[in-house]
A.B. asks: 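Let me give you the structure first, and then I'll get to my questions.
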Amino acid sequence: ALRHHMGWERAWASPEPKKKYDVIIIGAGGHGLATAYYLGKNFGITNVAVLEKGWLGGGNTGRNTTIIRSNYLQDPSAAIYEKSRALYETLSQDLNYNIMYSPRGVIMLAQTEHEVRGYQRTAHANALQGVTTEFISPTRVKEIVPIINLDGPRYPVLGGLWQARGGTARHDAVAWGYARACSDMGMHILQKCEVTGITRDGGRVTGVSTNRGEIACDKLGVVVAGHSGHLADMAGFRLPIESVALQALVSEPIKPCMDCVVMANTVHGYMSQSDKGEMVIGGGTDGYNNFTQRGSFHHIEETVRALVETFPMVSRLKMLRQWGGIVDVTGDRSPIISKTPVDGMFINCGWGTGGFKAIPGSGWGFAEMIAKGHSPLTDAFGLDRFHQGRFIDESVAAGVAH
Ligand SMILES: Cc1cc2nc3c(=O)[nH]c(=O)nc-3n(C[C@H](O)[C@H](O)[C@H](O)COP(=O)(O)OP(=O)(O)OC[C@H]3O[C@@H](n4cnc5c(N)ncnc54)[C@H](O)[C@@H]3O)c2cc1C
Ligand SMILES: CSCC(=O)[O-]
């Protein structure tokens with residue numbers, strides 16, 4: 001009543017499910033919501049439902065450390081990540097929702113000769129791909145990050161791969177902005193609607209079974225990250241991915257001390273400072289497959305120990321909270337955006353530890369694949385690459401130790 005009296009409206013509707021939609025997207029994370037948005041915006045397909053077992057944005061999209069960059073090595077990767085980074089630049093205007101994109105710059109530290117050569121190679125590849133990065137000296141790293149210790153006894157800083165237009169965004173706002181835009185186009189976002197089965201007629205998808213009843217569709221897009229294996233199993237096929245927890249933690253808020261993002265991949269740690277002043281810190285994935293979404297104490301010790309040589313100030317931080325998300329990791333650290341063995345069913349997964357930065361580009365390309373059967377932005381990431389041995393190896397650029 002107060003909401004109505006004050007003229008406040010909910011940002012998105014919460015309708016009852018219809019019996020049938022043209023397209024169902026399973027998973028109201030960033031990738032699923034962006035896919036629905038670009039189906040409407042780019043192809044006029046709006047008879048769409050996005051089904052979410054929990055609350056929208058409650059998966060990895062609401063649990064990540066928000067790093068955005070496009071400094072990958074392979075041409076297909078550079079294309080989709082740079083498309084995504086470019087869409088992030090104007091996403092607030094596009095959605096009329098402040099997603100707080102902050103192109104504060106991202107450095108991937110080179111702390112071994114291997115990383116020096118690897119990042120110099122990437123900088124040359126990026127120059128050919130139209131992605132603006134450069135390999136910078138230790139002196140330049142220190143100018144950009146004054147709190148850094150260049151002369152660590154184990155891993156001195158030998159340089160870094162710098163992307164000035166990389167940065168961060170507010171992860172919740174990305175999900176909320178896309179959700180509101182989808183709802184404004186008349187799409188149905190059905191939260192607390194868990195898919196428990198995928199129905200087929202011969203080799204073709206016909207709909208889904210959910211805890212809120214049977215819902216039919218002509219086309220189905222599965223975008224459920226760490227749960228992709230479960231959904232594929234419902235449709236009778238398997239995926240070459242492993243699901244594992246990736247953890248992160250934040251410190252108490254402190255005075256501004258770091259205005260870019262730094263990733264120290266050799267020691268398995270990365271850090272940025274949030275607008276509230278918290279140091280946002282992440283490490284490697286758990287060493288075993290699991291479906292947990294909480295933090296574990298040893299990760300605090302491991303990640304802080306990894307960073308303290310390069311950032312001594314970390315040793316004096318008080319940590320505020322920690323958490324985890326279930327990431328879906330492929331063998332070549334590249335996504336799977338693909339048709340499936342079931343006609344009319346498509347899957348978008350395998351983003352692993354690095355899919356937040358890809359949300360707009362992935363949604364753009366996956367929407368085109370669902371609408372037209374293929375997309376130049378995503379065709380290279382088909383499931384068939386694993387049969388063909390055509391890997392898109394991004395184990396260096398993925399950054400996080402897996
Ligand atoms: C700790 C951490 C830090 C990270 N840091 C970064 C970073 O700095 N930069 C970066 O680029 N990436 C980062 N990532 C990775 C990034 O968060 C993910 O790749 C990305 O958010 C995946 O988005 P998504 O929409 O595919 O998945 P999600 O946001 O996980 O959405 C999938 C949704 O599907 C729903 N679902 C699952 N099963 C069902 C079902 N049966 N029925 C209905 N709904 C279902 C889930 O509830 C979930 O909401 C990080 C991840 C973690 C966990
Ligand atoms: C969690 S790792 C962040 C990234 O991929 O840039």
Side-chain angles (χ1 to χ4, degrees), residues 24-35 50-72 81 84-85 88 106 108 163 166-169 171-172 174-175 178 190-198 208-212 222-231 233-234 243-250 261-263 265 268-272 280-286 291-293 295 299 322-329 333 335 337 347-359 362-363 366 394 397-402:
I24 287 177
I25 301 292
I26 306 174
H31 287 257
L33 291 164
T35 299
V50 184
L51 276 52
E52 168 53 51
K53 72 175 178 177
W55 67 95
L56 71 88
N60 293 338
T61 300
R63 298 170 181 269
N64 70 81
T65 48
T66 77
I67 300 170
I68 295 169
R69 57 187 172 87
S70 56
N71 54 358
Y72 284 67
Y81 287 109
S84 202
R85 195 204 60 75
Y88 264 121
V106 178
M108 294 180 98
Q163 180 168 23
T168 62
H171 49 15
D172 296 322
V174 172
Y178 275 123
L190 305 173
Q191 300 181 81
K192 296 287 182 203
C193 182
E194 178 172 7
V195 171
T196 53
I198 292 174
V208 294
S209 305
T210 80
N211 61 325
R212 293 173 65 178
V222 178
V223 200
V224 297
H227 291 286
S228 298
H230 297 143
L231 274 294
D233 189 47
M234 291 178 197
S243 293
V244 58
L246 176 65
Q247 300 184 35
L249 55 148
V250 288
V261 178
V262 177
M263 299 178 71
N265 301 327
H268 305 176
Y270 53 91
M271 190 160 72
S272 63
V280 182
I281 300 170
T285 55
D286 285 8
F291 289 85
T292 59
Q293 292 179 309
H299 256 268
Q322 61 169 150
W323 66 93
I326 313 162
V327 293
D328 45 334
V329 183
R333 305 299 185 255
I337 313 172
I347 193 156
N348 182 343
C349 67
W351 292 100
T353 61
F356 175 70
K357 64 176 80 72
I359 286 172
S362 158
F366 195 44
E394 294 291 1
V400 172
H402 301 72

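For the numbers below, each heavy atom of this structure counts, side chains included, while hydrogens, waters and symmetry mates do not. Counting starts at 1 for both ligands and their atoms, following the listed order.
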A.B. asks: Please could you name the atoms of ligand 1 that Trp351 approaches to less than 4.0 Å, counting only its heavy atoms?
C.D. replies: 19 (O)
A.B. asks: Kindly confirm or rule out an N or O of Glu194 lying under 3.5 angstrom from an N or O of ligand 1.
C.D. replies: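 The answer is no, given that Glu194 and ligand 1 share no N or O pair closer than 3.5 Å.
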A.B. asks: Before signing off on this row, confirm whether Val195 and ligand 1 have an N or O atom pair separated by under 3.5 Å.
C.D. replies: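 Yes; at least one N/O pair falls below 3.5 Å.
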A.B. asks: For Thr61 and His171, which I'm curious about, is there any donor-acceptor pair between the side chains at under 3.5 Å?
C.D. replies: no
A.B. asks: Taking N or O atoms only and a 3.5 Å limit, does Gln247 qualify as a polar contact for ligand 1?
C.D. replies: no
A.B. asks: Evaluating non-hydrogen atoms only, which member of Ile67, Ile68, Thr353, Val329 is closest to atom 6 (C) of ligand 1?
C.D. replies: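 Result: the heavy atom closest to atom 6 (C) of ligand 1 is in Thr353.
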A.B. asks: For this output row, return yes or no: ring centroids of His230 and Phe291 closer than 6.0 angstrom.
C.D. replies: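 Yes - the distance between ring centres of His230 and Phe291 falls below the 6.0 Å cut-off.
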A.B. asks: Out of Met234, His171, Glu52, His31, who is nearest to atom 47 (O) of ligand 1 when you count heavy atoms only?
C.D. replies: Glu52
A.B. asks: Using only heavy-atom distances, determine whether the side chains of His227 and Asp328 contain a donor-acceptor pair under 3.5 Å.
C.D. replies: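 Per modelled atom types, His227 and Asp328 side chains form no pair under 3.5 Å.
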A.B. asks: Just to confirm my output: which protein heavy-atom neighbour is closest to atom 11 (O) of ligand 1, and how far is it?
C.D. replies: Lys357 N, 2.8 Å
A.B. asks: For ligand 2, list all ligand N or O to protein N or O distances below 3.5 Å, rounded to 0.1 Å.
C.D. replies:
from	atom 1	to	atom 2	distance (Å)
ligand 2	5 (O)	Arg69	NH2	3.0
ligand 2	5 (O)	Lys357	NZ	2.6
ligand 2	6 (O)	Arg69	NE	2.7
ligand 2	6 (O)	Arg69	NH2	3.2
ligand 2	6 (O)	Lys357	NZ	3.4

A.B. asks: Quick one: does Tyr270's side chain get under 4.5 Å of Val280's, heavy atoms only?
C.D. replies: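 Side chain of Tyr270 against side chain of Val280, heavy atoms only: no contact under 4.5 Å found.
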A.B. asks: What atoms of ligand 1 come within less than 4.0 Å of a heavy atom belonging to Leu231?
C.D. replies: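 Close to Leu231: 41 (N).
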A.B. asks: Give yes if a backbone or side-chain nitrogen or oxygen of Gly354 is under 3.5 Å from a nitrogen or oxygen of ligand 1, and no if not.
C.D. replies: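 N/O-N/O distance under 3.5 Å: yes.
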A.B. asks: Which residue and non-hydrogen atom of the protein lie closest to atom 5 (N) of ligand 1, and at what distance in Å?
C.D. replies: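 Closest protein heavy atom to atom 5 (N) of ligand 1: Thr65 OG1, 2.9 Å.
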A.B. asks: Under the rule for salt bridge (charged side-chain N to carboxylate O under 4.0 Å, His left out), what residues qualify as partners of Asp233, not counting sequence neighbours?
C.D. replies: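 In terms of salt bridge (charged side-chain N to carboxylate O under 4.0 Å, His left out), with neighbours along the sequence ignored, Asp233 is linked to no residue.
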A.B. asks: Scan side-chain atoms only and decide if Glu194 and Thr210 contain a donor-acceptor pair under the 3.5 Å cut-off.
C.D. replies: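 No, no side-chain donor-acceptor contact under 3.5 Å.
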A.B. asks: Find all atoms of ligand 1 within a distance of less than 4.0 Å from any non-hydrogen atom belonging to Cys193, and give their numbers and elements.
C.D. replies: 43 (C)
A.B. asks: Report the member of Ala225, Pro335, Gly324, Gly352 with the shortest heavy-atom distance to atom 27 (O) of ligand 1.
C.D. replies: Ala225
A.B. asks: Quick check: does Lys53 get an N/O under 3.5 Å from an N/O on ligand 1?
C.D. replies: yes
A.B. asks: Would a 4.5 Å heavy-atom cut-off, applied to side chains only, mark Tyr88 and Val174 as touching?
C.D. replies: yes
A.B. asks: Going by atom types alone, do Asn348 and Thr35 pair a side-chain donor with an acceptor below 3.5 Å?
C.D. replies: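 Short answer, no.
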A.B. asks: If you measure every N or O of Gly30 against every N or O of ligand 1, does any of those distances drop under 3.5 Å?
C.D. replies: yes
A.B. asks: Who gets closest to atom 21 (O) of ligand 1 by heavy atom: Leu56, Thr61, Thr196?
C.D. replies: Thr61
A.B. asks: When you compare ligand 1 with Phe356, is there at least one nitrogen or oxygen pair between them that comes in under 3.5 angstrom?
C.D. replies: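 Yes; at least one N/O pair falls below 3.5 Å.
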A.B. asks: Do Arg212 and Leu190 come within less than 4.5 Å of each other through their side chains, counting heavy atoms only?
C.D. replies: yes
